[in-house]
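Notes for the one structure printed next.
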Amino acid sequence: MKINWNYLKLGLLLLLVMGLYAFSNHRSKEKIVNDIEIQFLGDQNLYTTHEMVNKLLIQKYGSLKNVPKEKLVLNTIEKVIETDDMVKNAQVYLTVDGKLTSKILQRKPIGRVEGVNKYYVDDEGKRMPFSKNHSARVPIITGNITGKSLEDIYVILEYINTDTFLRKNIIGIHVGDDGDYQLKFRMENFVVNLGSVENLREKFNNFMAFYNKATKDRTLNHYDLVSLEYNNQVVCTKI
């Protein structure tokens, strides 16, 4: 009987691969958590802290150190971390050396509502509670704040954050009783009457043309109200 060495070699190779896979799988299941690492991504203004995240995990699981890998449900751990009001997203994984690592993206406030209820507006237009750990330097929102006006404010804030000058200089948005919006600037005494949120790009382009010319002419301090609510024009009221 002639032996087909090629088939024999292939069979031995398959047995070797299966053995290595079984050994690797066994070693993987035996792996335990020997350390916990929490990393905050992006903005380092911590609205929550390492200690607060650790406390959440301890309350849910107790100590995670020395827990076998096979007992970990990583997506469940992520959801527990995301119950923190300051957390936007969490990714959890176990490294080769047994470190349970959590990468956390915090929510980002872009406006601060000051009214009967006080809260931030985040970069998704959602309400975000204040943090005990850090206070964000964002425009203060006052006035007649309703569900609709909050949607409009988010649109205004989004636009402001696309422009370096506006982002640095607008410190307040006031909602009028008639649903119009006024802007307060950091270094100027005048108020900008924006009107509605329609045609924001055109309105701000007109404003910047006015601002640059008035700066050049040194007349900015002559005005107490700058209105952008009329079509394609800037109407100013002098002091």
ask   = Short question: side chain of Arg127, backbone of Val121 - any donor-acceptor pair under 3.5 Å?
value = no
inquiry  = Would you say Thr48 and Asp84 are linked by a side-chain donor-acceptor pair, where the criterion is simply a distance under 3.5 Å?
reply    = yes
message = If you count every heavy atom of other residues, nucleotides or ligands that lies below 6.0 Å from Lys108 atom NZ, does the total exceed 12?
response = no
task = Quick one: do Leu225 and Asn193 satisfy side-chain contact (heavy atoms from CB on, under 4.5 Å)? Show the steps, please.
result = CA-CA 7 Å; Leu225 178 66; Asn193 191 354; 4.1 Å; yes
query = Going hydrophobic residue to hydrophobic residue with side-chain gaps under 4.5 angstrom, can you get from Val67 over to Ile32?
reply = no
query = Is Asp123 salt-bridged to Lys88, going by a charged N under 4.0 Å from an acidic O?
reply = yes
key: ring pair (Phe, Tyr, Trp, His ring centres under 6.0 Å) partners of Phe165, counting only residues at least two apart   = Tyr211
note = Separation between CG (Asn206) and CZ (Arg201), nearest 0.5 Å, reads 12.5 Å
Of all pairs that satisfy ring pair (Phe, Tyr, Trp, His ring centres under 6.0 Å), the ones with a partner from residues 33-74, not counting sequence neighbours = Phe40-His50, Tyr47-His134
Pro129 vs Arg107 side-chain heavy atoms within contact, under 4.5 Å = yes
Residue pair Leu57 / Val80, side-chain heavy-atom distance below 4.5 Å = yes
inquiry  = Under the criterion side chain to side chain donor-acceptor pair (under 3.5 Å), I'd like the reasoning laid out for Arg112 against Ser135: C-alpha separation, chi angles, the key distance, then a yes or no.
reply    = CA-CA 10 Å; Arg112 177 182 179 126; Ser135 181; 3.2 Å; yes
task = List the steps and the verdict of side-chain contact (heavy atoms from CB on, under 4.5 Å) for Ile160 and Ile173.
result = CA-CA 11 Å; Ile160 289 171; Ile173 302 174; 4.3 Å; yes
ask   = About how many Å separate CG of Asn45 and CD of Gln106, when rounded to the nearest 0.5 Å?
value = 8.0 Å
inquiry  = So for atom NZ, which belongs to Lys118, do other residues, nucleotides or ligands contribute more than 12 heavy atoms lying within a distance under 6.0 Å?
reply    = yes
query = Does one hydrophobic cluster hold both Val175 and Ile170, with members joined at side-chain heavy-atom distances below 4.5 Å?
reply = yes
message = Rounded at 0.5 Å granularity, tell me how far OG1 in Thr101 sits from CD in Gln39.
response = 6.0 Å
request  = Indicate, with yes or no, if the rings of Tyr159 and Phe204 have centres closer together than 6.0 Å.
outcome  = yes
inquiry  = Within a 6.0 Å radius of atom CG on Asp97, are there more than 12 heavy atoms belonging to other residues, nucleotides or ligands?
reply    = yes
inquiry  = Pair Tyr119, Phe130 - check ring pair (Phe, Tyr, Trp, His ring centres under 6.0 Å), show working.
reply    = CA-CA 6 Å; Tyr119 52 88; Phe130 290 164; 7.9 Å; no
message = With ring pair (Phe, Tyr, Trp, His ring centres under 6.0 Å) as the rule and sequence neighbours excluded, what pairs involving residues 84-112 come up?
response = none
key: Euclidean distance, Leu46 CG relative to Glu51 CD, rounded to 0.5 Å   = 9.5 Å
key: Closest heavy-atom pair and its distance - Glu229, Gly195   = CB-CA, 3.8 Å
query = Do Thr219 and Asp217 have a side chain donor and acceptor closer than 3.5 Å?
reply = no
Hydrophobic cluster identity match, Ile58 and Ile36, side-chain contacts under 4.5 Å = no
message = Tell me whether Met208 shares a hydrophobic cluster with Leu228, the cluster being built from Ile, Leu, Val, Met, Phe, Trp, Tyr side chains joined at under 4.5 Å.
response = yes
ask   = Val92 and Ser102: which non-hydrogen atoms are nearest, and at how many Å?
value = CG2-OG, 3.6 Å
key: Pairwise distance NE2(His174) to OG1(Thr142) - rounded to 0.5 angstrom   = 5.0 Å
request  = Please assess Asp163 against Arg167 for the test salt bridge (charged side-chain N to carboxylate O under 4.0 Å, His left out), listing each intermediate value before the final yes or no.
outcome  = CA-CA 6 Å; Asp163 184 277; Arg167 186 172 62 250; over 6 Å; no
Pair Ile140-Ile171, side-chain contact (heavy atoms from CB on, under 4.5 Å): steps then yes or no = CA-CA 6 Å; Ile140 304 297; Ile171 60 172; over 6 Å; no
request  = Look at the side-chain heavy atoms of Ile, Leu, Val, Met, Phe, Trp and Tyr, link any pair under 4.5 Å apart, and say whether Leu100 and Val87 land in one connected group.
outcome  = yes
query = Does a donor on one side chain sit under 3.5 Å from an acceptor on the other, for Ser196 and Glu198?
reply = no
query = Got a second to check how far Leu56's CG is from Ile81's CD1, nearest 0.5 Å?
reply = 8.0 Å
